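The first residue of the sequence shown is numbered 1, and numbering continues consecutively from there. Both counts, for ligands and for their atoms, begin at 1 and track the order of listing. Values in this document were obtained by computation on a predicted structure and should not be read as measured data.
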Amino acid sequence: MITFYDISNNLRSPLPPSPYCWRTRLCLNYKQVKFSTEYVPYSNIATFAKEKGIPPTAVQPDGSPKYTLPAIYDSDKGTYISDSFKIAQYLDEKYPDTPRLVPEKTAALQAAWEAIYNPIHMKLVPLNVVKVLETLDPVSFEFAKKHVEGLFGRSWEAIVQAAEPDQAGWKDVEKDVALWLQYLDIRNATDRKGVWVIGSEFSFADSVIGGVFFSTKALWGEQSEQWKLVKNWSGGRWVEYIDSMEKYTAVV
Ligand SMILES: N[C@@H](CCC(=O)N[C@@H](CS)C(=O)NCC(=O)O)C(=O)O
């Protein structure tokens, strides 16, 4: 049995806020793997990971290990895996009879596709963080507010204002995300089968894109102006793609 560790949002959990954790949810659902989800508060990720023996995924600027979610626990093997890409590879190995997330010979390309996400994350988080903080209890909210004000060098009021749907930040993310569309067009020019990155089969690369869209949808809500805007980015060219991924979005 697999346990999936996602990040909790104190007041309205589960309201999965993390694009990285969304990748793992999409991958698990796509493979139809039986799993349960446990939610860990953002402030407790490092302590939780150290306690369980979940490996760090990066190094902090001061050289110390950085612990992140998503992570999974495989109770059959007593193993913890962290990092969305490594989790996808592990799931392929563990469930060889299910469709692959990283099909043979595509690992380097999938990793390169993922790298496109890094600058997007830096721009998306300052927008979506508004909704993340709204779900915190008053004490955590005050603490987190100070933290993000310091991190982004702006007042909370300015951060909230910048996340209004008519603000430039959304256009900026739209432009970066459209790079993936350019590559999808190149794929489409030679292979018109299917909507996914590698054609007719969903793969890890699609979960990377899905993380952007479904974390934003979860946070702002289906009826929000922000979600309507994001879903219709690039003149509506993402709509079919997003709708095709809905079937892998169940929060269990
Ligand atoms: N490369 C990792 C990145 C995961 C990541 O950065 N997760 C964030 C949540 S969105 C995290 O856990 N951050 C913890 C922290 O910043 O202390 C993956 O793909 O899983």
Q. Judged by modelled atom types alone, do Thr57 and Thr68 share a side-chain donor-acceptor pair under 3.5 Å?
A. yes
Q.
Tell me whether the rings of Trp113 and Tyr183 are parallel (<30°), tilted (30 to 60°) or perpendicular (>60°).
A. tilted
Q: Can you run down the salt bridge (Lys or Arg N to Asp or Glu O under 4.0 Å) pairs that involve residues 193-205, sequence neighbours left out, and say none if there aren't any?
A: none
Q. Do Trp238 and Leu184 come within less than 4.5 Å of each other through their side chains, counting heavy atoms only?
A. yes
Q.
Tell me every residue that passes salt bridge (Lys or Arg N to Asp or Glu O under 4.0 Å) with Asp243, counting only those two or more places apart in sequence or in another chain.
A. Lys231
Q) Taking any residue with a non-hydrogen atom under 4.0 angstrom from an atom of ligand 1, which ones do you get? A) Ile7, Ser18, Tyr20, Arg23, Tyr42, Ile45, Lys66, Tyr67, Thr68, Leu69, Pro70, Asp83, Ser84, Glu114
**Q.** Any residue meeting side chain to side chain contact (heavy atoms under 4.5 Å, CB included) with Pro99, in chain and number order, not counting sequence neighbours
**A.** Tyr30
